[in-house]
There are 2 protein chains.
Amino acid sequence: MSQTRVEQKERTRRAILDAALTLSEDSALVALSLRQVAKQVGIVPTAFYRHFPSIEDLGLALVEESLDTLRALLRELRRAAGEDAATMIDGSVTVLVEQVRQDHAHYGFIARERFAGPAAVRDAIARGIELAERELATDLAHLPGTTAWTERDLEVLSALIVGAMVITAERLLGTSPGSPAEQRVADDARTQIRMLLVGARNWRSRTP
Amino acid sequence: MSQTRVEQKERTRRAILDAALTLSEDSALVALSLRQVAKQVGIVPTAFYRHFPSIEDLGLALVEESLDTLRALLRELRRAAGEDAATMIDGSVTVLVEQVRQDHAHYGFIARERFAGPAAVRDAIARGIELAERELATDLAHLPGTTAWTERDLEVLSALIVGAMVITAERLLGTSPGSPAEQRVADDARTQIRMLLVGARNWRSRTP
DNA sequence: CGTGACAGTGCACACATGTTCACCCACGTA
DNA sequence: TACGTGGGTGAACATGTGTGCACTGTCACG
């Protein structure tokens, strides 16, 4: 039990992160005061500094955490992927829906801070999305039927798909988990991806 | 010259709106203080109340204004539209780029407040986007080649296209007007829309 | 057993904020 | 020319904010 001390610190840190997530649920990070968070956690304001230098760093930590979750989602996506593009991307919608459902607060936080947050936070989110696009592009390149594609066209298609995913996630955030509305958004997303795939299959890159 | 009094009031109102737009450029509306705005405009804090009941109402007015601009964009889009879907949507990307370029601050504001803003503001933006989707859907229904389409599929396609437009606008906000980056985003958007159209042309709705 | 590290406390300060109120004084009207 | 409407003023308030400082108690290690 020589871990008790550091365990306790980690527990408070988690409590701070969770409190920030809860409190910023219907507002923005920038409107979050250090004192509110401290009160919610049950510590005195100054104790906050034992864990984070400022609210902005709190936000950054929160984003890193969210992006790890997102990264996990994408790994899960790739693990469940087969050779068939249709079932691969189709199934990934299911994964997305599940992830957003169970980490509602995290994804809500990302959506909110994507443009309204501090510069560091915005950059971190943008990098995460770009990374997803690049990874998808390389995955698409390995699929049959894309051999004649320009590299640029592959990137553009990836951006289109990831963009549709982002918008789907944002739509999901407006629905309550398990509701018919959620189901409808998911179905629509699947239809959209299928439309995209039909377009991709019939696409011929112009020779650059 | 019997208009001077009301003219002056309108001028101050504009100054307040512009100041709010400028000040919230790298932050969020919720982080905007009435006193900051007043100082920027050059009036005393209490004079603010002569024009708006609260900062939230200021934000709402700002969104209405932005949505009017957006509405104008869409009207322009439809005016320039021919029978050919390709040139219609292709050209609309050009219009979008121009609009975002010249009203950078307004669209930045919309992007920021879309999820981070007060509930009333968020709703107003969401309604604007939904309206755009519905209008596009009815326009698409009038185009040749979509006669066999389900109404639902038309809506889903519209949402996909408008979504791509939203994401394109967001990307444009990250580029400086007239830069090569802006050009690249615009080109990519056009490629994306073309891919979407290829998909749409080869799409057959399942009979419901 | 003793001791140092350190998460958490309590107080203090200097500001910034929203909102109120009574007060101007210039403009448009009568 | 006289008057009242109304945009703008300035002081005042209660409250909330970030942050510095000296402190305390307890856990883990030499």
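We name chains A, B, ... by the order of the sequence lines, and we start the count at 1 in each one.
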With a 3.5 Å cut-off and heavy atoms only, can you find an N or O donor on one side and an acceptor on the other between the side chain of [X] and the base of [N]?
X: Thr12(B); N: dG8(D); result: no
X: Thr46(A); N: dG10(C); result: yes
X: Arg35(B); N: dG18(C); result: yes

Open item on the list: Against Leu154(A), only a single residue in Asp139(A), Leu136(A), Thr138(A), Leu140(A) fulfils side-chain contact (heavy atoms from CB on, under 4.5 Å); can you say which?
Closed with: Leu140(A)

Shortest side-chain distance from [X], nucleotide among [options]:
X: Val44(A); options: dG7(D), dG10(C), dA7(C); answer: dG10(C)
X: Gln36(B); options: dG18(C), dT17(C), dG18(D); answer: dT17(C)
X: Leu34(A); options: dG8(C), dT19(D), dG8(D); answer: dT19(D)

Task: Distance-minimising heavy-atom pair for Phe48(A) and Ile43(A) - done: N-CD1, 4.1 Å

Task: Nearest non-hydrogen partners of Ala61(A) and Phe52(A), listed with the distance - done: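 Scanning both residues completely, I find the closest heavy atoms to be CB-CE2, 3.9 Å.
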
Task: Under 4.0 angstrom between Ser33(B) side-chain N/O and dA16(C) OP1 or OP2 - done: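 No, outside the criterion.
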
Task: Under-4.0 Å side-chain N/O to phosphate OP1/OP2 contact, Gln8(B) with dG6(D) - done: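 Indeed not, no polar side-chain atom of Gln8(B) lies that close.
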
- [ ] Would you indicate whether Glu151(B), at its atom CD, is surrounded by more than 12 heavy atoms from other residues, nucleotides or ligands within a distance under 6.0 Å?
- [x] no

